[in-house]
**Q** 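Take a look at this one; I'll ask things after.
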2 protein chains.
Amino acid sequence: MGRVKVQKMPTIRRLPTYLYRLNEMRKEGTSIVATPELARYMDIGEIVVRKDLSITGVTGQPGVGYKIDELIAAIREFLGWNVETKAVLVGAGSLGSALIGYDGFEEYGLSIIAAFDRDPAKAGTVMRGRPVIDMVELEGFVRNHKISMGILCVPAAVAQDICDIMVKSGIRSIWNFANVALKVPADVIVQREVIAGGLALLSVKRLRHFAETDDEEE
Amino acid sequence: MGRVKVQKMPTIRRLPTYLYRLNEMRKEGTSIVATPELARYMDIGEIVVRKDLSITGVTGQPGVGYKIDELIAAIREFLGWNVETKAVLVGAGSLGSALIGYDGFEEYGLSIIAAFDRDPAKAGTVMRGRPVIDMVELEGFVRNHKISMGILCVPAAVAQDICDIMVKSGIRSIWNFANVALKVPADVIVQREVIAGGLALLSVKRLRHFAETDDEEE
DNA sequence: TAGATTGTTAATCGATTAACAATC
DNA sequence: TAGATTGTTAATCGATTAACAATC
């Protein structure tokens, strides 16, 4: 099922946030950054930041910090974001629209070149600068443009069908925002996003927090 | 900064997915489920599933499985989702629209009762059945309706300002989809969603996977 | 009774944190 | 030289996995 074990998941998840902040700082004209500053920004410990950054192989200057340019380049290379990845997005609803309009992706080496939708009324339109194409064209388009990544934003009920078409067309990694566990061959990688997971975390934090507050009041 | 340490994060993140699947099964008329089936669905090990479920306190029947009704009730209670939480959403763009339209939230005890936007043209309209209100009304609305949760879907540049208004109005937990680290008082909890984190994970999996495939070809 | 599954206890593994020498 | 920060090594902690007795 394309299950690839990845270590240091928490670190990898944080890398885009470092990258985002480092890009901001570069725009502001800063060229050096030290861990205490990043730690404050990320709201995590300094040691965590240093361990995180060490995964990229960059070395900083003791007493000074890290070169921002080096860090940016190293993070992008570590994630493979220095090479452009072409992707198609399927499901031109509001979530699809939000994703296609997120311009940070360009910075992350992700280029969403077209959106697909089942609705004939949407086909032929332009969404945030990208063409919306009828679903029947998906397979041919992916083959012709040698697309390797698919972003799935369709309702759960049709997700597996669309997934099958993607796989058949040659797509090898799928970013899945539909609420289903997709079945794919072993050489296809799926990353499933479950936004409710974040809500669950927030809910538990609230409960713990209220419990603590109650304790203090006793 | 409202940092609450939460253990068993991976388990908590998975709970909504169990809940979703269990609800599906209940609708299909099933009343008992065993770990092997859930493990296949989640694409994780059986032992993981059992450990995950044990956090809720439910006990299954050896040789048989768990009662689906019991599991659903226990997960909802563990997450505090058996009690309705009223929330407002700020930023009626495409992401906001996607979130407000997600009907799964009702099942999760989350009731988004209104959306707010700076754009006067949007104020007075209805989005997916919820009123869109001008931002200036936010503080009064939150106070009047005793809203405790805010969902932040505004551009990064204005996120801190909106966050400040939320906090001032009495909101105590914020689900933050803006790409910034919010500064909040100690008694306010923030859950930040970084979708690019998932993309980073997918990217690394791809790199590892390709590396493995190359090895095999040698 | 046989087969299946639960749930506990122990063992392994990895991630986080602490301490500190090395460096600018 | 003094102050600050890096990066390594060791210690702690928690999560994952394995083994297996208990139960239906």
Side-chain angles (χ1 to χ4, degrees), chain A residues 3-15 17-18 21-22 25 30-72 74-75 78 197 200-201 204-205 208, chain B residues 3-15 17-18 21-22 25 30-72 74-75 78 197 200-201 204-205 208:
Chain A
R3 221 196 298 182
V4 186
K5 257 188 215 157
V6 183
Q7 281 183 357
K8 321 225 179 189
M9 273 190 37
T11 294
I12 293 168
R13 276 190 180 279
R14 277 190 292 267
L15 288 180
T17 308
Y18 290 112
R21 179 68 187 132
L22 292 167
M25 297 181 75
T30 321
S31 62
I32 302 280
V33 67
T35 40
E37 190 176 346
L38 287 173
R40 245 176 291 122
Y41 174 75
M42 308 279 295
D43 199 17
I44 53 178
E46 289 184 25
I47 320 170
V48 180
V49 174
R50 265 199 289 280
K51 268 277 156 67
D52 280 353
L53 298 183
S54 75
I55 203 179
T56 66
V58 287
T59 59
Q61 219 174 3
V64 182
Y66 300 85
K67 286 184 189 157
I68 289 179
D69 285 343
E70 271 185 22
L71 273 184
I72 290 174
I75 293 174
F78 180 85
L201 227 41
V204 171
K205 284 185 199 166
R208 301 283 154 88
Chain B
R3 220 197 297 182
V4 186
K5 256 187 214 157
V6 184
Q7 281 184 357
K8 321 225 178 189
M9 272 191 38
T11 293
I12 293 168
R13 276 190 180 279
R14 277 190 292 266
L15 288 181
T17 309
Y18 290 112
R21 180 67 189 133
L22 292 167
M25 296 181 75
T30 321
S31 62
I32 301 280
V33 67
T35 40
E37 191 178 346
L38 287 173
R40 246 177 289 121
Y41 175 76
M42 308 280 293
D43 200 16
I44 54 179
E46 289 182 26
I47 319 170
V48 180
V49 174
R50 264 196 291 276
K51 268 277 156 67
D52 281 353
L53 298 183
S54 75
I55 203 180
T56 66
V58 287
T59 59
Q61 219 174 4
V64 182
Y66 300 85
K67 285 185 190 157
I68 289 180
D69 285 343
E70 270 185 23
L71 273 184
I72 290 175
I75 293 175
F78 180 84
L201 227 41
V204 171
K205 283 185 199 168
R208 301 283 157 88

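Chain letters run A, B, ... following the sequence lines, proteins first, then strands; residues in each count from 1.
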**Q** Remember a base hit wins even if backbone is also touched, and classify Glu46(A) as base, sugar-phosphate or nothing at under 4.0 Å, heavy atoms.
**A** nothing
**Q** Return the 5'-most residue of the pair Arg14(A), Pro36(B) with respect to DNA chain C, ranking by each residue's nearest nucleotide.
**A** Pro36(B)
**Q** For a side-chain contact (heavy atoms from CB on, under 4.5 Å) check, start with the C-alpha distance between Val6(A) and Arg208(B), then their side-chain angles and the critical distance, and finish with the verdict.
**A** CA-CA 8 Å; Val6(A) 183; Arg208(B) 301 283 157 88; 4.1 Å; yes
**Q** So, taking the atom named CD1 in Ile68(B) and the one named CZ in Arg21(B), what distance separates them when rounded to the nearest 0.5 Å?
**A** 8.5 Å
**Q** Just call it for Lys8(A): base, sugar-phosphate, or nothing, with non-hydrogen atoms closer than 4.0 Å on any strand.
**A** sugar-phosphate
**Q** Nearest 0.5 angstrom please: Arg50(A) CZ to Tyr66(A) OH, how far?
**A** 6.5 Å
**Q** What's the spacing between Lys67(B) NZ and Leu71(B) CG if we round to 0.5 Å?
**A** 11.0 Å
**Q** Would you name the heavy atoms of Ala74(B) and Val58(B) that are closest together and state the gap between them?
**A** CB-CG1, 3.3 Å
**Q** Quick one: how far along DNA chain D does chain B reach, first to last nucleotide 5' to 3', anything under 4.0 Å to a heavy atom?
**A** dG14(D) to dC24(D)
**Q** Looking at every strand, decide which applies to Thr59(A) at a 4.0 Å heavy-atom threshold: base, sugar-phosphate, or nothing.
**A** sugar-phosphate
**Q** Could you check whether Thr11(B) gets within reach of a base, just the sugar-phosphate, or nothing at all, counting any heavy atom under 4.0 Å?
**A** nothing
**Q** When we call it a touch if two heavy atoms are under 4.0 Å apart, what does Thr35(A) touch: a base, just sugar-phosphate, or nothing?
**A** sugar-phosphate
**Q** Quick check on DNA chain C: between Pro10(A) and Gln61(A), whose nearest nucleotide comes earlier from the 5' end?
**A** Pro10(A)
**Q** Taking the nucleotide of DNA chain D with the closest heavy atom to each, which residue, Gly65(A) or Lys51(A), is nearer the 5' end?
**A** Gly65(A)
**Q** Pairing check on dA4(D): which nucleotide meets the Watson-Crick or G-U wobble criteria with it, both distances under 3.5 Å?
**A** dT23(C)
**Q** Taking the side chain as every heavy atom from C-beta outward, state whether Asp52(A) and Leu38(A) have any pair of such atoms under 4.5 Å apart.
**A** no
**Q** Could you please name the partner base of dA18(D), counting Watson-Crick and G-U wobble pairs only when both distances are under 3.5 Å?
**A** dT9(C)
